[in-house]
Q: 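Below: one structure in structure tokens.
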Amino acid sequence: SAKDMKHRLGFLLQKSDSCDYSSSQSKKEKISSSQRVSQEEVRKWAESLENLIHHDRGLAAFRAFLKSEYSEENIEFWVSCEDYKKTKSPAKLSPKARKIYDEFISVQATKEVNLDSCTREKTSHNMLEPTLSCFDEAQRKIFTLMEKDSYRRFLKSPYYLDLVSPPGAGCGPENCKRSHTHTLDCNSNIISQCA
């Protein structure tokens, strides 16, 4: 009967949800235990935004920080451009370029990035005949914007400071920067939340 069928479907949905949860939990545990980041590597992230975003764990931490500031569209655009430049098939260039343009640059873009009108216009013109370099200028502008703004805030945030203080170092003033309103928990492991 229909009632039996509904009951069975409900049971199956519950079962698949619990399976998804347990498999995602074990994936998170594997990621956090297998991908430790050395203190030396973490310190390199403070040298330049390039060092940070060219390291998988650094990119994950920076992305999580941007998400907390509701500005993750900038890093998502940058990553999409990097991926786009690796496109080998000329037939895939145009659809990939259109997808990036529609998602990040067009006036109705769902994740519109902050570009000046001149760069936006030039990128729009590049869309007529997309090449591997059609987003280069826009990507450079967004990189500079992140470098001057959110990257500097990232370096002062718990997303970075919790990683740069060695485990078990405690929260002495030499290990963590504190403000009167916000005390950092040095032992929390933010990077595992980012993966």
Side-chain angles (χ1 to χ4, degrees), residues 17 19-87 96 99-105 109-115 135-136 138-171 175-179 182-195:
D17 285 350
C19 290
D20 289 347
Y21 177 75
S22 63
S23 69
S24 70
Q25 281 297 99
S26 62
K27 279 181 190 170
K28 276 186 181 174
E29 287 165 13
K30 283 179 189 169
I31 287 170
S32 61
S33 65
S34 68
Q35 296 182 329
R36 302 271 182 234
V37 185
S38 73
Q39 288 296 303
E40 185 184 331
E41 196 65 50
V42 172
R43 279 192 275 282
K44 279 184 187 172
W45 298 349
E47 292 171 12
S48 73
L49 176 58
E50 231 166 77
N51 285 355
L52 174 69
I53 60 181
H54 282 99
H55 188 282
D56 288 346
R57 304 292 282 177
L59 178 62
F62 189 53
R63 182 178 265 158
F65 168 73
L66 290 177
K67 204 169 199 164
S68 76
E69 290 202 331
Y70 304 101
S71 62
E72 69 265 30
E73 70 279 352
N74 292 327
I75 196 65
E76 286 179 21
F77 172 68
W78 186 88
V79 168
S80 294
C81 290
E82 287 297 291
D83 180 56
Y84 175 77
K85 288 185 215 174
K86 296 172 189 163
T87 306
K96 265 187 157 182
K99 186 176 187 274
I100 292 171
Y101 182 83
D102 290 345
E103 193 173 357
F104 299 103
I105 297 172
T110 53
K111 300 175 182 178
E112 187 178 352
V113 290
N114 189 5
L115 291 171
F135 294 110
D136 283 3
Q139 186 185 18
R140 224 179 352 265
K141 297 267 177 158
I142 293 304
F143 180 88
T144 303
L145 186 75
M146 289 190 296
E147 190 175 42
K148 289 181 177 174
D149 187 36
S150 44
Y151 171 62
R152 290 178 182 174
R153 283 196 310 279
F154 168 77
L155 293 177
K156 295 174 185 170
S157 77
Y159 288 86
Y160 179 72
L161 294 175
D162 281 8
L163 294 171
V164 83
S165 34
C171 271
N175 294 325
C176 291
K177 295 184 180 176
R178 296 176 184 219
S179 71
H182 183 72
T183 302
L184 295 176
D185 173 17
C186 292
N187 297 324
S188 68
N189 190 357
I190 288 177
I191 195 78
S192 63
Q193 296 169 8
C194 307

Q: Are the side chain of Y160 and the backbone of V42 linked by a donor-acceptor contact shorter than 3.5 Å?
A: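 A pair under 3.5 Å: yes.
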
Q: Nearest heavy-atom pair of R57 and W45: which atoms, and what distance?
A: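 Here R57 and W45 meet closest at C-CH2, 3.8 Å.
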
Q: Just jot down the side-chain contact (heavy atoms from CB on, under 4.5 Å) partners of E76, sequence neighbours excluded, or say none.
A: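 Expected list: R63, E72, F104, K111.
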
Q: Just jot down the salt bridge (charged side-chain N to carboxylate O under 4.0 Å, His left out) partners of E112, sequence neighbours excluded, or say none.
A: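 E112 satisfies salt bridge (charged side-chain N to carboxylate O under 4.0 Å, His left out) with R120 once adjacent residues are dropped.
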
Q: Can you list the residues that meet the side-chain hydrogen bond (donor to acceptor under 3.5 Å, both in side chains) rule with Y101, with sequence neighbours excluded?
A: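 side-chain hydrogen bond (donor to acceptor under 3.5 Å, both in side chains) list for Y101, sorted by chain: S124.
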
Q: Output, in order, the C-alpha distance, side-chain angles, deciding distance and verdict of side chain to side chain contact (heavy atoms under 4.5 Å, CB included) for N74 and F143.
A: CA-CA 8 Å; N74 292 327; F143 180 88; over 6 Å; no

Q: Are F154 and Y159 close enough that their ring centres sit under 6.0 Å apart?
A: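 F154 vs Y159: aromatic centres not under 6.0 Å.
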
Q: When rounded to the nearest 0.5 angstrom, what distance separates CG in N114 from CE in M146?
A: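 That separation rounds to 12.5 Å.
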
Q: State which residues pass side-chain contact (heavy atoms from CB on, under 4.5 Å) with S38; sequence neighbours excluded, sorted by chain then number.
A: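 Scan of S38 (side-chain contact (heavy atoms from CB on, under 4.5 Å), adjacent residues dropped) gives E40, E41.
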
Q: Might you point out which heavy atoms bring A138 and I105 nearest each other, and give the distance in Å?
A: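 It is CB-CD1, 4.5 Å.
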
Q: Between Y151 (side chain only) and F62 (backbone N and O only), is there a donor and an acceptor less than 3.5 Å apart?
A: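 No; zero donor-acceptor contacts below 3.5 Å.
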
Q: Is E147 reaching over with its side chain to a backbone N or O of I142, donor-acceptor style, under 3.5 angstrom?
A: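 Judged by distance alone, no pair lies under 3.5 Å.
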
Q: Can you name the salt bridge (charged side-chain N to carboxylate O under 4.0 Å, His left out) partners of E82, sequence neighbours left out?
A: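 Listed in chain order: K85.
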
Q: What distance separates L145 CG from R140 CZ, expressed to the nearest 0.5 Å?
A: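 One finds 14.5 Å between CG of L145 and CZ of R140.
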
Q: Does any non-hydrogen side-chain atom of L59 lie less than 4.5 Å from one of L52?
A: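 In short, these two side chains do not touch, never coming nearer than 4.5 Å.
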
Q: Checking S68 now: which residues fulfil side-chain hydrogen bond (donor to acceptor under 3.5 Å, both in side chains) with it, not counting sequence neighbours?
A: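 Testing S68 for side-chain hydrogen bond (donor to acceptor under 3.5 Å, both in side chains), a comparison that skips the adjacent residues, returns none.
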
Q: List in chain and number order the residues that pass side-chain hydrogen bond (donor to acceptor under 3.5 Å, both in side chains) with D83, two or more places apart in sequence or in another chain; answer none if no residue qualifies.
A: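 Result, side-chain hydrogen bond (donor to acceptor under 3.5 Å, both in side chains) vs D83: none returned.
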
Q: Partners of R153 by side-chain contact (heavy atoms from CB on, under 4.5 Å), sequence neighbours excluded?
A: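 Scan of R153 (side-chain contact (heavy atoms from CB on, under 4.5 Å), adjacent residues dropped) gives F65, E69, D149, S150.
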
